[in-house]
Amino acid sequence: MEKLDKNMIESELKKLRETREEFYEYLDKNIPSKNIGYDFSQNTKLDAKEVYERFFKLDYQSRKLGGFLFRTYLKED
């Protein structure tokens, strides 16, 4: 199995941060804020397909990085 070097891990972490930021920027743009968090009381409607596509990117990147880290640092050879 391929093990990641420090530069590859940093690159994957950067992608994860960027994907997370894009997901929350979308939420911030489309859902009003209320104190801490989002205010859903205004019956905000979001495009379910777009939310799923954005969440899937975030989830995929998290799972991808987790798999790399598991193989590199946690699994016994």
Side-chain angles (χ1 to χ4, degrees):
M1 289 252 157
E2 172 190 7
K3 292 190 176 187
L4 295 181
D5 64 19
K6 182 180 177 184
N7 292 333
M8 291 174 77
I9 292 171
E10 288 174 352
S11 174
E12 293 301 324
L13 282 170
K14 181 180 178 194
K15 289 178 193 174
L16 177 61
R17 282 190 309 269
E18 290 170 351
T19 303
R20 182 181 183 278
E21 288 173 12
E22 288 173 8
F23 183 74
Y24 280 103
E25 283 175 10
Y26 172 77
L27 294 180
D28 291 342
K29 180 180 172 186
N30 290 285
I31 305 171
S33 295
K34 181 179 183 179
N35 297 328
I36 299 173
Y38 297 104
D39 181 7
F40 293 98
S41 67
Q42 297 179 26
N43 199 21
T44 301
K45 302 281 185 198
L46 297 176
D47 180 334
K49 183 178 183 223
E50 189 169 355
V51 171
Y52 175 77
E53 288 171 352
R54 291 173 182 274
F55 176 77
F56 183 81
K57 286 181 188 178
L58 176 62
D59 183 58
Y60 174 80
Q61 189 61 34
S62 298
R63 288 182 289 118
K64 180 179 174 185
L65 181 61
F68 288 150
L69 293 174
F70 177 79
R71 286 193 309 271
T72 302
Y73 297 106
L74 300 176
K75 189 174 180 182
E76 295 180 19
D77 291 324

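Note that this is a predicted model, so its numbers are computed, not measured.
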Does the pair E53/K49 count as a salt bridge with the N-to-O cut at 4.0 Å? yes
Note: L16 and L65 closest approach over all heavy atoms is CD2-CD2, 3.9 Å
D59 side-chain N/O to F55 backbone N/O, donor-acceptor pair under 3.5 Å: no
Would you check if L46 and Y26 make a side-chain contact, meaning some heavy-atom pair closer than 4.5 Å? yes
hydrophobic_cluster_shared for L13 and L58, side chain cutoff 4.5 Å: yes
State whether E25 and K29 are salt-bridged, where the test is any N-O pair (Lys NZ or Arg NE/NH1/NH2 against Asp/Glu carboxylate O) under 4.0 Å. no
Any ion pair linking K15 and E12 (charged N to carboxylate O, less than 4.0 Å)? yes
Verdict with supporting geometry, F23 and T19, side chain to side chain contact (heavy atoms under 4.5 Å, CB included): CA-CA 6 Å; F23 183 74; T19 303; 5.8 Å; no
State whether the side chain of S11 and the backbone N or O of N7 hold a donor-acceptor pair below 3.5 Å, judged by distance alone. no
Please round to the nearest 0.5 Å and tell me the distance separating atom CZ of R17 and atom CD of Q61. 11.0 Å
Between Y38 and Y24, which heavy-atom pair has the shortest distance, and what is it? OH-CD2, 3.5 Å
